[in-house]
Trainee: 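I am attaching a structure below and will ask some questions about it afterwards.
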Amino acid sequence: MAPFEASPAWDADLNESFAAGDETALAEAYRQFSPLVHTLARRSLRDPAAADDVTQEVFIRVWRSRSAFDPARARLPAWIVGITRNAIADAHAASAHETRRVLAAVESAPDPEPATGQTAAEALADRILLDGELEKLGEPQGSILKLAFYDDLTHSQISQKLNLPLGTVKSHIRRSLSQLKSRLEVDRATS
Amino acid sequence: MQHLDPESLSLLALGEELGDDAAAHLRACPDCAEDYAGLRRAVVAAKPGMDAGLEAAALEPPGPRVWAGIHSALGLSDDVAADPLGPSRTQAPPAAGPTTAAPPPPVPLPAPEERDGRNRPRGGAGWMRRPGVWLAAAAAAALLTAGIVWSAQQSRPAVTPLAQAELAPVDRHSATGVARVLETGDGQRTLEVRVDKNEARGYQEVWLIAPDLSRLVSLGVMTSDAGSFAVPAGLDLAKYPIVDVSDEPMDGNPAHSSVSIVRGTLAS
C-alpha cells in the first residue's frame, strides 16, 4: 500500500480525528494541501486574490461539511481535492456574468507561469484522487493492476502468474482502468 | 480503418507493445487517441514512481492571510491560530502595528487587517476587544513604539512629507497604495509605505529604484500592508525616485525577484 501514498506524511489517523472534529487535523490538512488547492485555483482562475479566496472557501467547506465525510470510504486528501474542484467551478460560475472582463483579462494577461506547474498540480490532484482506489476494485482486479503497475508485468505474464485466462486478465484490466478513468472524469465533471 | 478495441487501448495505456499497426492507428485516429489519453491519465495517476516527489516546489502556497480568514470564519480555537504553513511566511510582528519595529503583542491571534472586501476576517480585531491584553501589550511595548509614532503621524496632518507617491498595480496585480518620505527631528528620513492589500505570494520587499531601473536599493521587508523604513543617510532620492514593492520568493536570493506588485514615483 505504501507505493500508493500520494502524500506519505498524511497520517490515516488524521482522517478519523478530522471526522471527529479535531481542529488540529484541519490545520494539518491546510499545512499539507493548501499549496495544492491554491495552485489548482490559481491556474484555473488566473488571479492570485481569487485563488486565495477559493483556498479559504475550500477549507471552510471542508470543515463545515465534515459530517458528510466518511473516513471508511474516502481519504481526506481526495475529499479536499474534490471540494477544490467544486469551489473553482463555483468561482467560475460566479464570475460568468463578467465573462467579457474575464476574457479580456485572459487575453491581455496570459499566465506567465510555466505550463509544467499546471501539469504538476493537476497530476498531483489526480494522484490524490486515485489514492486507495485500487483497494476498492476488489479481487482479482486489484492484484492484476498492482502487478501491472508495481511489477511492470505484461498481461500475459499476469495471466501466467495468477493462473487466469488471458481474456479474463485483459477484460479485468479494461474495466478497472475504465473505472479509474471515470473516477477522475466524474470528479472533473463537477468542476 | 478499424478502431482499436477497448482492451487494446487499455494495454497500450499500460505501456504494452501491441505492434506498429496499433501505434500507427493511435497516431492517426483522434477518437482512439482521446480514449487512450483518458486511460493513460488514469495510469499515470495510479502508477507509483512516475512522478517521485511531485515538485512541491511547483506549488504556490496561499497568501499569509488565508488561514486567518478560515480561522475567523469557522471560529476555531486559539490553539490553531498560527498559520499552519509556518511562521517563516509571516515574520513577526504580524500585526502589532504597521511598522516593522514594533514588538508583537503577546496575544495568540494576530489581528488580520481587512485585506479587502472578500476576506471578512470577522474576529479580526479580536485582540483590540480584550482591553486587558491590549493594555498589557501596550505596556510591554513601552508605549513609544514606532507604531504609535506612526499613528500619531497618521493623525497629524501638520506633518508635511518631503515627497510622496501614489502606488499603482504592476502587471497582474490589483493592489494600490501610497508612499511618502517624512523627516524626523534628527534629520533621519523615513519612507512610509501603505498598500490596500498584501498580494505577495512570498513576502513583500520595499525598494527605491533609479528611473532607468538600472540601480536599486532595498529598504526592507514589509510584513503587513504597511511599513516604515529608514532611508539611508546620503541617499539622493532624486536618483532613486521609484518606490517599488516586490513579491519575493523564499529562495534566499537577495536580488529583486523582478515581480513587482505596486510601483510609483516620488514627487514633492
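In what follows, chains are A, B, ... by sequence order, proteins preceding strands, each numbered from 1.
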Trainee: So, do A:L177 and B:V43 sit near enough that their side-chain heavy atoms are less than 4.5 Å apart?
Mentor: yes
Trainee: Taking side chain as C-beta onward, heavy atoms only, is B:L85 less than 4.5 Å from A:P35?
Mentor: yes
Trainee: So, are B:E16 and A:K170 salt-bridged, with charged N and O less than 4.0 Å apart?
Mentor: no
Trainee: Return the minimal non-hydrogen interatomic distance between B:G63 and A:Y30, and the atom names on each side.
Mentor: O-OH, 4.4 Å
Trainee: Using a 4.5 Å cut-off on heavy atoms from C-beta on, say whether the side chain of A:L26 contacts that of B:L74.
Mentor: yes
Trainee: Can you tell me how far apart CG (B:D83) and CZ (A:R31) are? Round to the nearest 0.5 Å.
Mentor: 11.5 Å
Trainee: Within a radius of less than 6.0 Å around CG of B:D251, do more than 12 heavy atoms belonging to other residues, nucleotides or ligands occur?
Mentor: yes
Trainee: Between the side chains of A:E23 and B:S77, is a donor N or O closer than 3.5 angstrom to an acceptor N or O?
Mentor: yes
Trainee: Under the criterion salt bridge (Lys or Arg N to Asp or Glu O under 4.0 Å), I'd like the reasoning laid out for A:R43 against B:E60: C-alpha separation, chi angles, the key distance, then a yes or no.
Mentor: CA-CA 10 Å; A:R43 302 311 166 119; B:E60 306 163 52; 2.7 Å; yes
Trainee: Check whether more than 12 heavy atoms from other residues, nucleotides or ligands sit under 6.0 Å from atom NZ of A:K136, and answer yes or no.
Mentor: yes
Trainee: Please classify the contact between A:A51 and chain B as side chain, backbone, both or neither, with a heavy-atom cut-off of under 4.5 Å.
Mentor: neither
Trainee: Taking A:T24, A:T55, A:V37 one by one, which has the highest count of heavy-atom pairs under 4.5 Å against chain B?
Mentor: A:T55
Trainee: Can you establish whether the number of heavy atoms outside B:D21 located under 6.0 Å from its atom CG is more than 12?
Mentor: no
Trainee: Mind checking the CZ-CG spacing from B:R172 to A:D47? Nearest 0.5 Å is all I need.
Mentor: 10.0 Å
Trainee: State the CD1-OG distance between A:I173 and B:S10, to the nearest 0.5 angstrom.
Mentor: 7.5 Å
Trainee: Rounded to the nearest 0.5 Å, what separation is found between the CG atom of A:L184 and the CG atom of B:L39?
Mentor: 10.5 Å
Trainee: Going by heavy atoms in the side chains, are B:W67 and A:S34 under 4.5 Å from each other?
Mentor: no
Trainee: Kindly compute the distance separating CG (B:L14) from CG (A:L145), expressed to the nearest 0.5 Å.
Mentor: 7.0 Å
Trainee: Taking the side chain as C-beta and beyond, is there a heavy-atom pair between B:L76 and A:W63 under 4.5 Å?
Mentor: yes
Trainee: Taking atom CD of A:E139 as the centre, report whether more than 12 heavy atoms of other residues, nucleotides or ligands fall under 6.0 Å from it.
Mentor: yes
Trainee: So which of B:A175, B:P84, B:P6 has the largest heavy-atom pair count under 4.5 angstrom toward chain A?
Mentor: B:P84
Trainee: Which atoms of A:S176 come close to chain B, meaning under 4.5 Å heavy atom to heavy atom: side chain ones, backbone ones, both, or neither?
Mentor: neither
Trainee: Can you check whether B:V44's main-chain N or O pairs, donor with acceptor, with A:R127's side chain at less than 3.5 Å?
Mentor: yes
Trainee: CD1/A:I60 to NE2/B:H71 distance, rounded to the nearest 0.5 angstrom?
Mentor: 12.0 Å
Trainee: For A:D52, is there an ion pair with B:R201 - N to carboxylate O distance below 4.0 angstrom?
Mentor: yes
